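Here is the structure we will look at.
Every chain is numbered from 1 and lettered A, B, ... according to where its sequence line falls, protein lines coming before strand lines. All values below come from the heavy atoms of this structure, side chains included, with hydrogens, waters and symmetry mates left out. The structure displayed is predicted, hence computed values, not measured ones.
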Number of protein chains: 2
Amino acid sequence: MIPRPTITQLAAQLGVSPSTVSRAFTRPDLLRTDTVDRVLAAAQAVGYVPNNHARALSTGKAGAIGLIVPDIANPFFPPLIRAAQNHATAAGLAVFLADSDENPDREERLIIAMAPQVEGLLVVSSRLPSSRLRDLSGRYRLALVNRDVGGTFRVLLDATSAIHAALSHLAGLGHTRIAYVGGPERSWSNRQRRAAVEKRSRELGLHFMSYSAGPGTYEAAKALSRTVVGNGATAVIAFDDVLAHGLMGGFAEEKVDVPGDVSIIGCDDALATTTFPPLSTISFRVDEAAAEAVHALTAHSSPGTLPATRVAFEGSLVLRGTTSTPRRD
Amino acid sequence: MIPRPTITQLAAQLGVSPSTVSRAFTRPDLLRTDTVDRVLAAAQAVGYVPNNHARALSTGKAGAIGLIVPDIANPFFPPLIRAAQNHATAAGLAVFLADSDENPDREERLIIAMAPQVEGLLVVSSRLPSSRLRDLSGRYRLALVNRDVGGTFRVLLDATSAIHAALSHLAGLGHTRIAYVGGPERSWSNRQRRAAVEKRSRELGLHFMSYSAGPGTYEAAKALSRTVVGNGATAVIAFDDVLAHGLMGGFAEEKVDVPGDVSIIGCDDALATTTFPPLSTISFRVDEAAAEAVHALTAHSSPGTLPATRVAFEGSLVLRGTTSTPRRD
DNA sequence: CCTTGTCATGCAAACGTTTGCAGAGAAACA
DNA sequence: TGTTTCTCTGCAAACGTTTGCATGACAAGG
């Protein structure tokens, strides 16, 4: 690790001014092409890499965005992180990642600490109260994902219509008693999904039951499985695939057959076909959502805070192997 | 997003010099305590946050480390990422995350691009050839995780002894035909684990069979399940839990009972108890490994590249529900 | 041949910190 | 009271870029 060469050294070595070297990287169109080539070749030779901090200081642009998720271990987030990463890289930006550990205080501290150092912050599935988010959104460049707060820039994965389709499908199969098994109470998605299931159940004249798998873990859902079938539900919609999977784990232990005895539909399509039977679920175009959010952050048309825009992507129902006609007793 | 206050503005407002404000943050012991209080209070009031880029430029310390993983969607990595994150934060450092997408070229480009901007790089489960890693390690501050390359700093999760224990256990149950289902060929862990299974099988006089689930995905393993039992294996050790899970998926479809017909042991303990039956596996103290690596990166005793130290953490066998006596035909 | 314009490059200031050095008091000592 | 030591603070240079402005060379147009 020899101290790395600076633009000045490279310039001296080439007999040009530092500005020329700088421009060879940032505004090559201003230089003669052979000058550019010469500089680039020399840079390559001595292993020159521009110092990002100096650049950021000079331009006022950070060259990075931040990404905050509540729990990186939840399989829903990694694909989103990867997508954000790819789009950021394409825009020439690096990504700072932070995990709020489902803790609102920690999340807020992270936002305050990171926001000044980056172009903007992608806040995914925030657990903060709406008022705080609105406030923070007024002070920093935030793009919310999966959280609908008026007055902020937000991109939403909207399960409503897919849930309607799911319930129509279940009703069509003959199910009449539907359970919703919810996740983290601070999650906007959870509230939205529960409301959608309830509303649509009423519309279709189905009996609706609501449960909550507190922390939203596999184990919590598994522990709930007995209760859910005990109360007579023949179909359950879970907040996400992790909970759906937990329920399946519980049912397997109790010899409750899926989909024979009970149908299950998850959400997020985070598990692909890794369950047995393969889980029916609601799938989102996560990559596009991430692209939208990153793009908003990097579009410097707005020098200040982001416009209060609401972008929604609808999910789609994908039926695999966990839904069928209810067993007639 | 009003332009944020600088140290100079804060200083002017307080009637002190910028150095004093700077020291209030970095070397408060050099100032009178009431001066420190006054500065901190004013900073708090106007919302001053030090500019990290300026600081980095001035001190030459980046205030961040980089983290490169081959596939963030593989459940083995998120816990590791989180652990690294936490330890870095504790040391006052942020974390740049990048995903090499299992692509060696991309991985190398990432290392070269990121290394100069950070204090050091955590390279997890590298897919690069040893020679490249040795070379890069000589030029940048790298800490390898899960890759044993002489001449570099590396922390290893060593499955050998746990695999020995696993095979002893299986042999004790009466198994005689053992299969190893491997993952990515570029993975050091994969080679290490295969070798350990093979060696121990010979020692115990067991019949050893080796398979490879090419890309190391759930689907690839699932597709292999028929072949594996077809060839008479009664117990299989999988490269990791994802593959073990894939095999279980395949067995479930083919009505091969686990553990009745075939016993399975995974590795990494990435799935906890979310399979049915709960997967027996090999567990590692990932948090400690991450701590070790981050600590090495942040310990600036060595200003240049890291010492060529090898730190190994042994895994331990955890038996859950996928191992039992082989069925006697 | 002079003017005007274009193109490629250089000069120097600025970005917001940190930090070695120096200086002003105040305190301690003789 | 004079000297020394200590504590606190300020000055100014440095970190490595970028970029507005100025300049010189050269070509084109008259």
Measure from the side-chain N and O atoms of B:R82 to the backbone N and O of A:D99, and report whether any donor-acceptor pair falls under 3.5 Å. no

Where the side chain of B:E107 meets the backbone of B:R127, is there a donor-acceptor pair that is under 3.5 Å apart? yes

How is A:F25 classified with respect to the nucleic acid when contacts are heavy atoms under 4.0 Å: base, sugar-phosphate, or nothing? nothing

By the 4.0 Å heavy-atom rule, please label B:T6 as base, sugar-phosphate, or nothing. sugar-phosphate

In this structure, how many angstroms lie between the [atom2] atom of [N] and the [atom1] atom of [X], rounded?
X     : N      : atom1 : atom2 : result
B:N52 : C:dT17 : CG    : C1'   : 10 Å
B:R27 : C:dT19 : CZ    : C1'   : 10 Å
A:L10 : D:dT17 : CG    : C1'   : 13 Å
B:N51 : C:dG16 : CG    : C1'   : 6 Å
A:H53 : D:dT18 : NE2   : C1'   : 17 Å
A:Q9  : D:dC15 : CD    : C1'   : 12 Å
A:I7  : D:dC15 : CD1   : P     : 14 Å
A:K61 : D:dT17 : NZ    : P     : 19 Å

Does D:dT18 have OP1 or OP2 sitting under 4.0 Å from an N or O in the side chain of A:S22? yes

Identify whether the distance between the nearest side-chain nitrogen and carboxylate oxygen of B:E119 and B:R141 falls below 4.0 Å. no

Side chain of A:T8 (C-beta onward), nearest among C:dT19, C:dG16, D:dT17: D:dT17

Measuring from the side chain of A:R55 (C-beta onward, heavy atoms only), which nucleotide among D:dT17, C:dG16, C:dT18 has the closest atom? D:dT17

Where B:P50 and A:Q117 come nearest, the two heavy atoms and their spacing: O-NE2, 3.4 Å

Looking at residues at least two apart in the chain, or sitting in another chain, which of them share a salt bridge (charged side-chain N to carboxylate O under 4.0 Å, His left out) with B:D148? B:R154, B:R310

Is the A:F284 to A:F313 ring centre distance short of 6.0 Å? no

Within the 3.5 Å criterion, strictly below it, is a donor on A:D287 or A:H87 matched to an acceptor on the partner's side chain? yes

Between protein and nucleic acid, restricted to nucleotides 9-14 of chain C and to nitrogen or oxygen atoms under 3.5 Å apart, what atom pairs and distances do you find?
residue: C:dT9; atom: OP1; partner: A:T35; partner atom: OG1; Å: 2.6
residue: C:dT9; atom: OP2; partner: A:R32; partner atom: N; Å: 3.1
residue: C:dT9; atom: OP2; partner: A:T35; partner atom: OG1; Å: 3.3
residue: C:dG10; atom: OP2; partner: A:S17; partner atom: N; Å: 2.9
residue: C:dG10; atom: OP2; partner: A:S17; partner atom: OG; Å: 3.3
residue: C:dG10; atom: OP2; partner: A:T20; partner atom: OG1; Å: 2.3
residue: C:dG10; atom: N7; partner: A:R23; partner atom: NH2; Å: 2.9
residue: C:dG10; atom: O6; partner: A:R23; partner atom: NH2; Å: 3.0
residue: C:dC11; atom: N4; partner: A:S19; partner atom: OG; Å: 2.9

